[in-house]
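Worksheet: the structure to be examined is printed underneath.
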Amino acid sequence: MIRLAALAAFGAFATTPAFAHEGMMDMPGMEMPETQKKPQPKAPEKKPVKKAAPKPAAAKPVEAPAPVLAAPAPHVETPQIEGAPAPVAATAKPEDVPTMNAMEGMDMSEHAHMDHGGHDKQMTGLFGGYAMTRDASGTAWQPAAAPHDMQHFTVGDWMLMGHLTLNGVYDWQGGPRGDEKSFVNGMIMGAARRDLGNGDVVNFRAMLAPDPLMGKSGYPLLLAAGETADGATLLRDRQHPHDLFMELSASYSHSLTEHDSIFVYAGLPGEPAFGPPAFMHRVTAMDSPEAPISHHWLDSTHVTFGVVTAGWVHGDWKIEASKFRGREPDEKRYNIETGDLDSEAVRVSWNPTGRWALQASWADLKSPEALHPDEDETRWSASAMYVLPLPNDGALSAMAAFGRKEHGDEKLDAWVFEGAWKPNRKWTAFARYEALENAELAIAPPSDDPQNVSRLSIGAIRDFQIRERVTFGVGGLYSRHFISDLLDPSYGGDQDGAMAFVRLKIS
């Protein structure tokens, strides 16, 4: 009887689908323990064998296949990782589950909270039961496959997270409207999160920037136009500095079912539900120290002094609406501003797989520009982001985005294509192409007619590991600006630009 039982068990194991045995080894970016790569023989449990078959000769055939018969249960659960719902979220997909590559920088002592499926329950998102790596700036989503570049540790019931990036930049922009300058930009971010017993999540986040140190006029950036330097003069061919306080926010999410949750987010300042993640948080753009010239079409609302957002998450879908202050920050970069929540935004997001993040959004801004207080503005945006994990902790990422600004009957469009290739932990190459219509660039001869301009930027950075969580990088970029015929005299034709920079990163 014992031999028959052993043969039956061996036959059941042999007919198990191949993915049930090998799936864990094939997960990209995950280094599996050696004992899972190849089962090791275990010491036979002799007592049950002796009771069933007192004769040693009869027991030996049963002991021989014991390593094969050991622990069939894990093979039954493996398909959950390969395609079935994960324990942390019934709608999660294989690529939604954070890999060891995505969890870089995490204090591994947190794995004491793992459930039997091998998932850390604290790794769900801030606003629902999806992978934490899906969360980006404000309440925006990115692909779950994006690298997770923050340090984590726990204090009691709280998970604390931190990240610092500082760029020391030398900037040169050519032509008669160009300039050169050395400056520092970047951010320091911290967050405190608590997961409650009923599945709810409370989170506090703060983000500061060194930008005010560069002065009110910001840094040279040909074809950029936006806020004022002194409250009276429009900045042209320069990127304005961000405020010291880029985000001071709190959020609370409540789980309704295994598929659904609702949340509320508030910030002073904060980011309303509009556009893709802000450029300094996008995996496709975060390695470049320069702002996109399409900033005021897609993500300039990421620093808004007064915002409240409410949303609903249903599996891979999220719909949210915001009330916020439409006026852009003033020229005082160290203060906290207040005002009426006079503007609205709505965004629909969909992450069909762990490698994709899509969004479409609309916003109606009340008097956004201090120089044109009587003009309201309507904005539209749509974007698609993609991330492909690569071996050696690498990743390939890309984004295509469209933005529109409407002032009365005037419609100004912008297109953005950007991407980054990280073949390993040391090197990152990045590129961005932008084409847009801008009515604020013509000064000689003056004109309010929209001008079609475009810009191509290509760069790379080499990182050096100087401590466990600290890297020092050296990089550079080159840009080419394509000018319209009307703007050609004042710019002196198409112009070049370049930046050389060093980066300190703690994560």
Side-chain angles (χ1 to χ4, degrees), residues 19 23-31 78-86 88-106 118-120 123-137 139-150 259 275-279 281-287 298 313-318 347-361 381-402 416-425 428-432:
F19 69 84
M24 292 298 291
M25 298 179 186
D26 295 334
M27 291 180 66
M30 179 173 285
E31 187 68 26
T78 301
Q80 290 183 345
I81 298 178
E82 290 294 315
V88 294
T91 56
K93 295 177 175 59
E95 56 268 44
D96 290 334
V97 179
T99 64
M100 296 300 292
N101 185 30
M103 293 162 64
E104 177 185 350
M106 174 177 291
H119 301 278
D120 191 328
M123 290 304 292
T124 57
L126 291 176
F127 312 114
Y130 51 83
M132 182 181 178
T133 50
R134 190 186 292 183
D135 288 323
S137 63
T139 60
W141 278 357
Q142 64 182 351
H148 186 60
D149 208 12
M150 292 184 67
H259 298 277
F279 69 89
H281 300 278
R282 291 199 297 264
V283 65
T284 53
M286 61 175 58
D287 289 292
L298 292 177
V313 174
H314 176 70
D316 296 326
W317 291 85
K318 174 166 60 74
R347 178 169 58 197
V348 177
S349 303
W350 181 37
N351 283 33
T353 73
R355 295 179 180 178
W356 285 96
L358 298 88
Q359 69 83 31
S361 50
S381 82
S383 63
M385 296 182 66
Y386 178 80
V387 174
L388 175 66
L390 300 175
N392 302 317
D393 295 328
L396 179 67
S397 58
M399 185 193 77
F402 167 78
V416 183
F417 303 92
E418 63 186 19
W421 174 48
K422 187 179 181 66
N424 51 51
R425 298 172 63 94
T428 305
F430 51 87
R432 178 189 295 131

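Excluded from the calculations below are hydrogen atoms, water molecules and symmetry mates; all remaining heavy atoms, backbone and side chain alike, are included. Quick caveat: nothing in here was measured; it's all calculated off a predicted structure.
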Establish, yes or no, whether the cationic atom of Lys318 lies under 6.0 Å from the six-membered ring centre of Trp141 and within 45° of the ring axis.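 Checked: cation-pi criterion met.
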
Quick one: list whatever passes side-chain contact (heavy atoms from CB on, under 4.5 Å) with [X], sequence neighbours left out.
X: Ala431; value: Ile458
X: Ala136; value: Gln142, Pro277
X: Leu126; value: Asp135, Arg193, Val201, Asn203, Arg205
X: Leu396; value: Leu388, Leu390, Trp421

Please report the shortest heavy-atom distance between [X] and [Y], naming the atom on each side.
X: Phe430; Y: Asp287; answer: CE2-O, 3.7 Å
X: Thr428; Y: Ala420; answer: CG2-CB, 4.5 Å
X: Met399; Y: Pro276; answer: SD-CB, 4.2 Å
X: Met286; Y: His281; answer: CE-O, 3.1 Å
X: Pro143; Y: Asn351; answer: CA-ND2, 4.1 Å
X: Ser381; Y: Gly275; answer: OG-CA, 3.3 Å

What verdict does the side chain to side chain contact (heavy atoms under 4.5 Å, CB included) test give for Asp316 and Arg134, after you've listed the backbone C-alpha separation in whole Å, the side-chain angles of each residue and the deciding distance to 0.1 Å? CA-CA 10 Å; Asp316 296 326; Arg134 190 186 292 183; 3.3 Å; yes

Would you check if the side chain of [X] reaches a backbone N or O of [Y] as a donor-acceptor pair within less than 3.5 Å?
X: Thr133; Y: His148; answer: no
X: Ser383; Y: Ala401; answer: no
X: Arg432; Y: Gly419; answer: no
X: Ser137; Y: Ala278; answer: yes

Identify, with sequence neighbours excluded, every residue that meets salt bridge (charged side-chain N to carboxylate O under 4.0 Å, His left out) alongside Arg282.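 Result, salt bridge (charged side-chain N to carboxylate O under 4.0 Å, His left out) vs Arg282: Asp299, Glu418.
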
Find out whether Val348 and Trp317 are in side-chain contact, i.e. whether some heavy atom of one side chain is under 4.5 Å from a heavy atom of the other.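 Contact flag for Val348/Trp317 side chains = yes.
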
Just jot down the side-chain hydrogen bond (donor to acceptor under 3.5 Å, both in side chains) partners of Ser397, sequence neighbours excluded, or say none.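 Listed in chain order: nothing, the list is empty.
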
Point-to-point distance, once rounded to the nearest 0.5 Å, from CG of Leu298 to CZ of Phe402: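 Rounded to the nearest 0.5 Å, the CG-CZ separation comes out at 9.5 Å.
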
Going through the distances and angles, do Tyr130 and Thr124 end up as a side chain to side chain contact (heavy atoms under 4.5 Å, CB included)? CA-CA 5 Å; Tyr130 51 83; Thr124 57; over 6 Å; no

Could you walk me through whether Val387 and Val283 pass the side chain to side chain contact (heavy atoms under 4.5 Å, CB included) test, one step at a time? CA-CA 8 Å; Val387 174; Val283 65; 3.8 Å; yes

